[in-house]
Amino acid sequence: MNKKELALKLFDLGVLQFGEFTLKSGLQSPFYLDFRRIVAYPDILKNISEQLWNLVTDLEFDHLCGVPYAALSLSSTMAVLHSKSMIVKRKEQKKHGTKKMVEGIYQKGDTCVVIDDVISSGISMIETLEALEGEGLKIKHVLSIVDRMQGGAVMLNDYGYEVRTVYTIREVLEYLKEGGKVNQKQYTDTLVFIETNRIDFEQVRARRKQRTSYSYKKIGKEAKHPVAKRLTEIVLKKKTNLCCSADVKTSAELLALADAVGPNICMIKTHTDNLSDFTPEIIEELKKLAEKHNFLIFEDRKFADIGHIVMQQFTAAPLCIADWADVVTVHVVAGSSSIEALKATGKLDTTALIVVAEMSTQDTLTDQKYTEKAMTIAEQHSDIVLGTVSQNYRSDNPGIMMLTPGINTDRKKDGLGQTYNHPDEAFAKRGVDIMIVGRGIYSSDNPRLQSEIYKKIGWESYLKRDNDA
Ligand code: S5P
């Protein structure tokens, strides 16, 4: 059966109906596509599934996922016919057991093609994409049988997904007209309806709360801590949202790297407890370079203990972090007491905090619930918290930045649990404000050049996205 014959058959089976229908978006439509009916016709289900499969034969991917419920039969059939793994996004969260929203066997960083029967507003598709991406799955391609041509596919494209469909509604109508199944009036009425009922993108965008992105100007205006304001000034002045993670082993390597990448970064991130030859003098040298190149010093200490210990760790010699770090990271696994303790040292006038809300590792325990709670704690301390380290979530408070590690243009994994995203994905799709790049820079032959490349990619990606000014 070719595409035209299939379209005529679908009409005969009542998949395309004329009348008065209310869509999920609230829109009144003179026609309705009811692909749920096809489960009664195995041959048709198989044929449509093959048509969908033909759209992805040039792609490599790990899983198929159908938007519930209408597309579950399609993804299942495709998976069975082509021996592909399928994953299932639940429509409601399970009340017992694992409470997982996505069932199946997958790993963070796996790629997935998502299928829906029809794309109209794109809302159901977006809901599924968000759930899957929240689990760390990567999605580039989405499929549907019919694009209703009402804006959903354009919006999905806008968000960086490639939409592939078997038919557009216009093609279906052409086939049905040629086959004598719809008359001229039904044909023109439907086309007029399509042309005059485009979806309100703003409504759909508003649903993607965690992807809201802000301009650095707005962030600087809303941020409360002076270090956060300074950071946005540096970002705007140097046109760089790159933080270099200088995870080297010796002081000499750290200083050489800081000098090389200095012109291209807004912050250098250190793990000074990893330096085999740490002395307080090295901090003096690093501060000179920070002044020379105008960047901040970010000690990634990830404080995580009870308040009493965190206070000691922040101030104790030989590192004396509180005396020199512009920014430090803190976990909130112990609750907000870690933050309160750091504040109680009286040293946070010149040091701002970053809350680690969501980690980049493959099997991280920072699930959605944890991350949301961590974000709330960060927001409750917005006077001292500059931002969160997270992968998918950005605070609704423009003044709290989203900083994202696990960024690399060439790699997806490091073999030790780390997972990577491309900078473009981070800025365009996730609303990231500052990207943190370690091995992508310091493991290269030419860190200076590499940092320049990351700087340019990061800045281009920032300019490309739709920022809430
Ligand atoms: O979730 C996280 C949080 C952090 S701060 N995942 C991370 O990788 N990091 C840090 O970012 C990590 O400690 C390391 O310093 C850097 C990533 O380095 P890369 O070499 O993998 O780019």
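Because the structure is predicted, anything quoted here is derived from the model rather than measured. For ligands, and for the atoms within them, numbers begin at 1 and follow the listed sequence.
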Top protein contact for [atom], by heavy-atom distance:
atom                    : value
atom 14 (C) of ligand 1 : Asp247 OD2, 3.4 Å
atom 22 (O) of ligand 1 : Gly438 N, 2.9 Å
atom 4 (C) of ligand 1  : Pro405 CG, 3.5 Å
atom 21 (O) of ligand 1 : Tyr420 OH, 2.6 Å
atom 1 (O) of ligand 1  : Ser360 N, 2.8 Å
atom 10 (C) of ligand 1 : Lys269 NZ, 3.6 Å
atom 5 (S) of ligand 1  : Asp300 OD2, 3.1 Å
atom 17 (C) of ligand 1 : Gln418 NE2, 3.6 Å

Legend entry - Short N-O contact, Lys456 and Glu452, less than 4.0 angstrom: yes

Inset, instruction - Taking only Lys NZ, Arg NE, NH1 and NH2, and the carboxylate oxygens of Asp or Glu, determine whether Asp383 and Lys224 approach each other closer than 4.0 Å. - result: no

Legend entry - Cation over ring face, Lys84 and Phe61, 6.0 Å, 45°: yes

Run the side-chain donor-acceptor check on residues 350-357: report pairs under 3.5 Å with partners two or more places apart or on a different chain.
unit_1 : atom_1 : unit_2 : atom_2 : d
Thr351 : OG1    : Ala325 : O      : 2.8

Inset, instruction - Determine whether the side chains of Tyr393 and Thr388 contain a donor N or O and an acceptor N or O closer than 3.5 Å. - result: no

Taking [Y]'s backbone N and O only, do any of them form a donor-acceptor pair with [X]'s side chain (distance below 3.5 Å, no angle check)?
X      : Y      : result
Asp305 : Ile309 : no
Thr345 : Leu342 : yes
Asn241 : Gly458 : yes

Legend entry - Sub-4.0 Å heavy-atom approach of Lys302 to ligand 1: yes

Inset, instruction - Assess Thr329 for proximity to ligand 1: is some non-hydrogen atom of it under 4.0 Å away? - result: no

Inset, instruction - Could you tell me whether His271 and ligand 1 have an N or O pair separated by under 3.5 Å? - result: yes

Legend entry - Polar proximity ligand 1 side, Arg439 side, N/O cut 3.5 Å exclusive: yes

Inset, instruction - Tell me, please, which residues at least two apart from Ser443 pass side-chain hydrogen bond (donor to acceptor under 3.5 Å, both in side chains). - result: none

Atoms of ligand 1, numbered as shown, that sit under 4.0 Å from any heavy atom of [X]:
X      : value
Ser245 : 14 (C), 15 (O), 16 (C)
Val389 : 3 (C)
Met359 : 1 (O), 2 (C), 3 (C)

Legend entry - Sole candidate of Val114, Thr111, Ile87, Leu129 that passes side chain to side chain contact (heavy atoms under 4.5 Å, CB included) when paired with Leu137: Ile87

